[in-house]
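Down below is the structure, laid out as structure tokens.
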Amino acid sequence: MFRKKKDSQETLISVVIPVFNISNELSECLESLCRQSLLKDLFEVIIVDDYSHDDSRSLILSYANKYPELIKPIFNEKNLGISLTRNIALKAVTGDLITSLDGDDYYYSKKLENELLWLNNSVGCYSVYSNFHYVSESNQIQGRFSEVGDNPAQGDIFANVFGRNYGVTSGGNIRCDMFYKKCLDQTGYYDPEINLWEDWDFYIRFSKYFKYAYCSKINMVYRQHDKGL
């Protein structure tokens, strides 16, 4: 079903995770990567800690020691902010495809497999985004990005992204899409001058050039809490 790596230096999907002082939720995030249905030799996890001063670093190291072929940690020597941290992760990937995950959120077990299949079957699309759950700090489901009866935007969605109007009742934004690494050559990386809604700015630039597919399966969890920006 999925092609194998050509050599020991190539991987298919790179998951990038920026981390800063989220040790309480980070274990659940990393466990969700270790439980993916996709074969572990088909993806890697690039996790960049932005000079946390809680237990995030030691937790990352423990997982990297347990899964050395899967988890590849990077530790900033000073706090650089979210945009630069995301860029450090992006420049370290080796995969043909890239997706992301914030350290306080987590994937369901078939996230990578589902989106890979969806993207492979979506002609003319260079990125795929999925439905997801909103949960409380205590992991209680509060709703989802797209409810029954919604018609989420697909294809040329530049106007939808710019206006943050995806045809969903939640009014939420895209999260953790999967896209081709080669698209970065035209889209560019995260703007280091932006440290709030930096992902929205990235989606605006990406959607200007490339089409999106939408996967209706609920593939991840976005945690809502008062610590988030």
Hydrophobic cluster identity match, Y190 and I194, side-chain contacts under 4.5 Å:
no

May I ask whether V15 and L90 are part of the same hydrophobic cluster, defined by side-chain heavy atoms of I, L, V, M, F, W, Y residues being less than 4.5 angstrom apart, directly or through others?
yes

Out of D104, D49, D55, I47, which one pairs with L26 under the side chain to side chain contact (heavy atoms under 4.5 Å, CB included) rule?
I47

Assess whether a salt bridge exists between [X] and [Y], defined as any Lys/Arg side-chain N lying under 4.0 Å from an Asp/Glu carboxylate O.
X    : Y    : answer
K217 : E113 : no
R57  : D50  : no
E69  : K40  : no

Flag, side chain of S14 to backbone of G95, donor-acceptor distance under 3.5 Å:
yes

Please answer whether the main-chain N or O of K110 pairs with a side-chain N or O of E115 as donor and acceptor at a distance below 3.5 Å.
no

Kindly confirm or rule out a cation-pi arrangement of K182 over Y180, judged by NZ or CZ under 6.0 Å from the six-membered ring centre and within 45° of its axis?
yes

Geometric cation-pi criterion, K91 with Y189: 6.0 Å, 45°:
yes

Indicate, with yes or no, if the rings of Y212 and Y126 have centres closer together than 6.0 Å.
no

Looking at the rings of F145 and H133, which for Trp means the six-membered one, are their centres under 6.0 Å apart?
no

Hey, what's the ring geometry for F206 with F210, parallel, tilted or perpendicular (30° and 60° as the breaks)?
tilted

Would Y214 and N151 count as having a side-chain donor-acceptor pair, cut-off 3.5 Å?
no

Derivation and outcome, side chain to side chain contact (heavy atoms under 4.5 Å, CB included), residues F179 and L97:
CA-CA 5 Å; F179 63 91; L97 293 162; over 6 Å; no

Taking C-beta and beyond as the side chain, do I46 and I17 meet within less than 4.5 Å on heavy atoms?
no

Test log, rule side chain to side chain contact (heavy atoms under 4.5 Å, CB included), inputs Y129 and C215:
CA-CA 6 Å; Y129 72 103; C215 177; over 6 Å; no

